[in-house]
Engineer: 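Before anything else, here's the structure in question.
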Amino acid sequence: MSIGLLTTSFPRAEDDAAGHFVLGFARALAARGHRLEVLAPEPHEARYEAPPQHDGIAVHWVPYWSRRGLQRTFYGAGVLDNVRRDPLSALGLAPFVASLAREAYRRAPGWDAVITHWALPCALIAGELPGTRPHLAVLHSADVFVLERLPTARLRRLLATRIGTRARALLFSSRELRRRYLALLDPLVRAELSARAHVCPMGIEPALPTSEPKAALRTRLALDKFTLLCLSRLIPLKGIVHAIDAVSALPDVELVIAGYGPEREALEAHAKRRAARVRFVGAVYGRDKSDWLRAADAFVLPSIKLANGRTEGMPTTILEAMEYGLPVIASDVGGVSDAVRTGDNGFLVPAASSAEIELAVRALMADSDLRERLSAGARETAELYHWDALAPRFEELLFADLA
């Protein structure tokens, strides 16, 4: 089948974390014989002039300003954080919607089905395409957050209904996102759409094979203490400051923070003030990312709920850490509890609680049997979310008759 994929984020190169799970999603379907045509925002950086191409996946940049250098709405820290830091970047939203709609209308006659990542605006555009073809709308945390904060209940209800009724199936990365979306609808529409609203986190790739012993790897990476890894964008939502506070009370622990984002300078300053043993290694990809996941002793993601109500969906970094057998310490926000279970594969802790993170780390350090048990549970959880295991479900949502 030929599938059009509309998205507001897609990796600009192999070493780009932006929209990496959209690429994984596309690759999983391409591996099953489908042909995908991706429409994504054109980046402003000249080095990304040609979009990346992958087996079975044709990627097309969608320009939305006459001057490419002005196209700063997408990528980077993500649309919401980009606009928070640079309000003028919001001016690119309307031109992109218009450009994406034009390009989708032009290419849609060649598609047998459509997948949209980020319903606003992609699912709305797909719902207006001429012709009849199945449409799978994937809604992420930003979609539901924006819908909930539209200025009137009528507008919230109208857009949520239009997204749902014009898609064959809806896919949410967590049960909490599904619940919040359905709460926006009138009761009769909610009853109709609930059967078409499904939950599944975005998938992960299997761990990269290696012959290097962990001890040798840790020596190469200069790790000599219990290593707590945080793999994340450096934005306020991730609450990384609380992990720094936790390790400031743990002299035998080193926190390694891998990722990029606008908060790095502030986080480095905070770590220095707290005299915490923290190493910032920047964004990591491929084998480097695999090395840090193999070398660490545990994983931490101390996400929070922001004052405006924004919070996590189901972060794929948690599942990636589990794939490498790392016990996970994560805040109980958004959809995190869908994957993290205390005593099974990690510790689910209250948000914004460095004390609880500290206690969890101390428990892991003190009990090797606990570490081994949680590590085994983590691997078992991760196996459920390999892309090749999820792809048949995506096909079913698109092409099988709905009950």
Engineer: State the CG-CZ distance between Leu139 and Arg178, to the nearest 0.5 angstrom.
Structural biologist: 12.0 Å

Engineer: Under 3.5 Å, is there a donor-acceptor pair between the side chain of Tyr260 and the main chain of Gly76?
Structural biologist: yes

Engineer: Can any side-chain N or O of Asn82 pair as donor or acceptor with the backbone N or O of Gly78 at less than 3.5 Å?
Structural biologist: yes

Engineer: Are Phe399 and Phe394, when compared by the centres of their aromatic rings, separated by less than 6.0 Å?
Structural biologist: no

Engineer: Counting only heavy atoms not in Asp55, do more than 12 sit closer than 6.0 Å to its CG atom?
Structural biologist: no

Engineer: With rounding to the nearest 0.5 Å, note down the distance linking CG in Leu158 to CG in Leu184.
Structural biologist: 12.0 Å

Engineer: Parallel, tilted or perpendicular, judged at 30° and 60°: which one describes the rings of Trp118 and Phe21?
Structural biologist: tilted

Engineer: For Lys272, I'd like to know if atom NZ has over 12 heavy atoms of other residues, nucleotides or ligands within 6.0 Å.
Structural biologist: no

Engineer: May I ask you to say whether Glu205 pairs ionically with Arg27, meaning some side-chain N is under 4.0 Å from a carboxylate O?
Structural biologist: no

Engineer: Judged by atom type as modelled, is there a donor-acceptor pair below 3.5 Å linking the side chain of Glu176 to the main-chain atoms of Gly334?
Structural biologist: no

Engineer: Restricting to non-hydrogen atoms, name the atom on Leu398 and the atom on Pro134 that form the minimum distance, rounded to 0.1 Å.
Structural biologist: O-CB, 3.1 Å

Engineer: Determine whether the side chains of Thr227 and Arg218 contain a donor N or O and an acceptor N or O closer than 3.5 Å.
Structural biologist: yes

Engineer: For the aromatic rings, using the six-membered ring if either is Trp, is the centroid distance between Phe299 and Tyr324 under 6.0 Å?
Structural biologist: no

Engineer: So, the side chain of Arg156 versus the backbone of Leu150: is there a donor-acceptor pair under 3.5 Å, distance only?
Structural biologist: yes

Engineer: Walk me through it: do Tyr75 and Phe10 pass the test ring-ring contact (aromatic ring centres under 6.0 Å, His included)?
Structural biologist: CA-CA 8 Å; Tyr75 304 108; Phe10 196 82; 9.2 Å; no

Engineer: Treating Ser290 as the side-chain partner and Gly286 as the backbone partner, does any N or O pair qualify as donor plus acceptor under 3.5 Å?
Structural biologist: no

Engineer: For Val349, does its backbone N or O pair with a side-chain atom of Asp332 as donor and acceptor, under 3.5 Å?
Structural biologist: no

Engineer: Could you measure the distance from the NZ atom of Lys238 to the CD atom of Glu312? Nearest 0.5 Å is fine.
Structural biologist: 3.5 Å

Engineer: Are the side chain of Tyr181 and the backbone of Asp143 linked by a donor-acceptor contact shorter than 3.5 Å?
Structural biologist: no

Engineer: Please determine whether the number of non-hydrogen atoms from other residues, nucleotides or ligands lying under 6.0 Å from atom NZ of Lys305 exceeds 12.
Structural biologist: no

Engineer: Donor-acceptor pair, Ser331 side chain versus Val333 backbone, under 3.5 Å?
Structural biologist: no

Engineer: Is a side-chain donor-acceptor pair under 3.5 Å present for Thr381 with Asn345?
Structural biologist: yes

Engineer: Is the ring centre of Phe25 less than 6.0 Å from the ring centre of His117?
Structural biologist: yes

Engineer: Treating Ser232 as the side-chain partner and Leu234 as the backbone partner, does any N or O pair qualify as donor plus acceptor under 3.5 Å?
Structural biologist: no

Engineer: Whether the side chain of Ser194 engages the backbone of Ala191 through a donor-acceptor N/O pair (distance < 3.5 Å, no angle test) should be reported.
Structural biologist: yes

